[in-house]
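Everything numeric in this text was worked out from a predicted model, so none of it was measured.
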Amino acid sequence: MIHHIIAFFKKYRHIWLLSYVFLYLPWFCYLERTVKTGYHIMHVALDDYIPFCEYFIIPYLMWFLYVGSAIIFFLFKSKEDYYRLCTFLFSGMTASLIICTFFRNGTDFRPMVDPDKNICSAIVSILYRTDTCTNVFPSIHVYNSIGVHIAVMKSELLHRHRLIRIGSGILMTAICLATVFLKQHSVIDGVGSLVMAYVVYWIVYGYGPATASKEVTEKVMG
C-alpha cells in the first residue's frame with residue numbers, strides 16, 4: 001500500500017501546489033472572524049434593481065464541483081494546464097486576501113429568507129448563517145469561475161469537446177449571476193473580479209499583443 005502511495009506522489013509530484021489551501025483557509029477564516037464592523041459597504045445602484053432569487057443557489061454551490069473537477073482533471077491529464085490553472089486561481093485568491101486585509105469590505109443588502117418556503121430557500125438560509133457578508137471584494141466565486149473557463153477553452157485536450165466548452169461557458173455565467181441574485185455580492189465585486197482576471201490572464205497565459213501576433217504568424221506560416 002505504501003509503495004502505491006509513494007509511486008502516486010512521484011508520478012504526480014506537481015500535486016504539491018494544492019498545499020496552497022493551508023495558506024488560504026487560515027487567512028480567510030481569520031478575516032471572517034475579525035472583520036465584523038467598520039468595513040466599507042460595497043454597493044452600487046444596479047444592485048437595487050437585481051431581484052433576489054433563491055434558485056440561483058444551485059449554480060452557486062456547483063462552483064465547488066466546477067473548480068474542483070477542473071483542478072483534478074488537469075492534475076491527471078495535463079501538467080501544463082494544471083500549472084497554469086493553479087497559478088491563475090491562487091494568484092487571484094491571494095490578491096483577494098490582501099485586498100480584504102487592508103481594505104475591509106462587505107455588503108448590507110441580504111434579504112430575510114424564509115427557510116420553510118422551499119429547499120433552495122432553506123439552503124440559502126444555511127449559507128447566510130455560515131458565510132458572513134464580509135470579505136466580498138473581489139468575488140472569488142466570479143474570479144475562479146472565469147479562471148476555470150479560460151483553462152477549459154485554452155486546453156488542447158478539450159479543444160474538440162465542443163459540448164464541454166459550451167457547458168463550461170454556461171455554468172461560468174450562471175455562477176457569476178448567482179453571486180448577485182443571491183445577494184452574496186455587489187455588482188462591483190464581480191467587476192473587480194473581471195479586472196483582476198484580465199490582468200492575471202496576461203501574466204499567466206502571456207497573451208499580450210506581441211505574443212498574439214507571433215502565434216498568428218506561426219499559424220499562417222505553418
Side-chain angles (χ1 to χ4, degrees), residues 18 20-72 89-90 92-148 170-194 196-197:
L18 300 186
Y20 173 77
V21 70
F22 297 111
L23 168 67
Y24 180 81
L25 284 181
W27 193 348
F28 177 76
C29 290
Y30 168 77
L31 291 174
E32 287 287 278
R33 291 195 310 269
T34 57
V35 180
K36 298 293 185 182
T37 59
Y39 52 82
H40 181 80
I41 300 297
M42 307 304 294
H43 183 264
V44 293
L46 182 57
D47 294 323
D48 300 327
Y49 292 94
I50 300 175
F52 170 79
C53 180
E54 69 270 20
Y55 298 108
F56 272 97
I57 191 64
I58 297 173
Y60 188 85
L61 293 181
M62 287 182 68
W63 174 84
F64 294 97
L65 180 62
Y66 184 48
V67 176
S69 297
I71 292 175
I72 293 173
L89 298 183
F90 302 161
M93 292 164 72
T94 302
S96 177
L97 290 174
I98 293 173
I99 291 171
C100 290
T101 298
F102 295 100
F103 174 62
R104 299 192 165 195
N105 57 81
T107 61
D108 63 350
F109 47 62
R110 283 181 172 181
M112 293 292 294
V113 178
D114 179 10
D116 297 323
K117 180 181 178 182
N118 53 50
I119 184 63
C120 289
S121 293
I123 297 174
V124 172
S125 181
I126 294 172
L127 174 66
Y128 282 2
R129 290 200 304 269
T130 56
D131 185 21
T132 72
C133 61
T134 58
N135 308 307
V136 297
F137 178 87
S139 168
I140 291 302
H141 254 69
V142 171
Y143 177 83
N144 281 4
S145 298
I146 294 172
V148 168
I170 293 173
L171 183 54
M172 177 201 67
T173 302
I175 292 171
C176 293
L177 290 175
T179 63
V180 291
F181 277 95
L182 290 178
K183 300 300 179 179
Q184 279 288 89
H185 289 277
S186 165
V187 170
I188 196 65
D189 301 333
V191 172
S193 298
L194 284 170
M196 188 165 67

Validation row: Pro138, Asp189 side chains within 4.5 angstrom (heavy atoms): no
Side-chain donor-acceptor distances from residues 95-103 under 3.5 Å, at least two apart:
from: Thr101; atom 1: OG1; to: Trp27; atom 2: NE1; distance (Å): 3.0
from: Thr101; atom 1: OG1; to: Leu97; atom 2: O; distance (Å): 2.7

Which residues share a ring-ring contact (aromatic ring centres under 6.0 Å, His included) with Tyr55, sequence neighbours left out: none
For Val44, all residues meeting side chain to side chain contact (heavy atoms under 4.5 Å, CB included), sequence neighbours excluded: Leu46, Asp47, Ser186, Val187, Ile188
Non-neighbouring partners of Leu61 that pass side chain to side chain contact (heavy atoms under 4.5 Å, CB included), sequence neighbours left out: Ile57, Phe64, Ile123
Test side-chain hydrogen bond (donor to acceptor under 3.5 Å, both in side chains) applied to Asn105 - qualifying residues, sequence neighbours left out: none
Partner residues of Lys36 under the salt bridge (Lys or Arg N to Asp or Glu O under 4.0 Å) criterion, sequence neighbours left out: none
Flag, side chain of Thr34 to backbone of Tyr30, donor-acceptor distance under 3.5 Å: yes
Residue pairs, two or more places apart or on separate chains, that pass ring-ring contact (aromatic ring centres under 6.0 Å, His included) and touch residues 105-137: His43-Phe109
Partners passing ring-ring contact (aromatic ring centres under 6.0 Å, His included) against Tyr39 (at least two apart in sequence or in another chain): none
Step-by-step side chain to side chain contact (heavy atoms under 4.5 Å, CB included) determination, Thr107 to His185: CA-CA 7 Å; Thr107 61; His185 289 277; 5.7 Å; no
Derivation and outcome, side chain to side chain contact (heavy atoms under 4.5 Å, CB included), residues Lys117 and Glu54: CA-CA 10 Å; Lys117 180 181 178 182; Glu54 69 270 20; 3.3 Å; yes
Partner residues of Phe52 under the ring-ring contact (aromatic ring centres under 6.0 Å, His included) criterion, sequence neighbours left out: none
Backbone of Ile175 reached by a side-chain donor or acceptor of His141 within 3.5 Å: no
Under the side-chain hydrogen bond (donor to acceptor under 3.5 Å, both in side chains) test, residues paired with Thr94 that sit two or more places apart: Tyr20
Any pair counted as side-chain hydrogen bond (donor to acceptor under 3.5 Å, both in side chains), so long as it reaches residues 56-66, sequence neighbours left out: Tyr60-Gln184, Tyr66-Ser168
Residues which pass ring-ring contact (aromatic ring centres under 6.0 Å, His included) with Tyr143, listed by chain and number, not counting sequence neighbours: Phe88
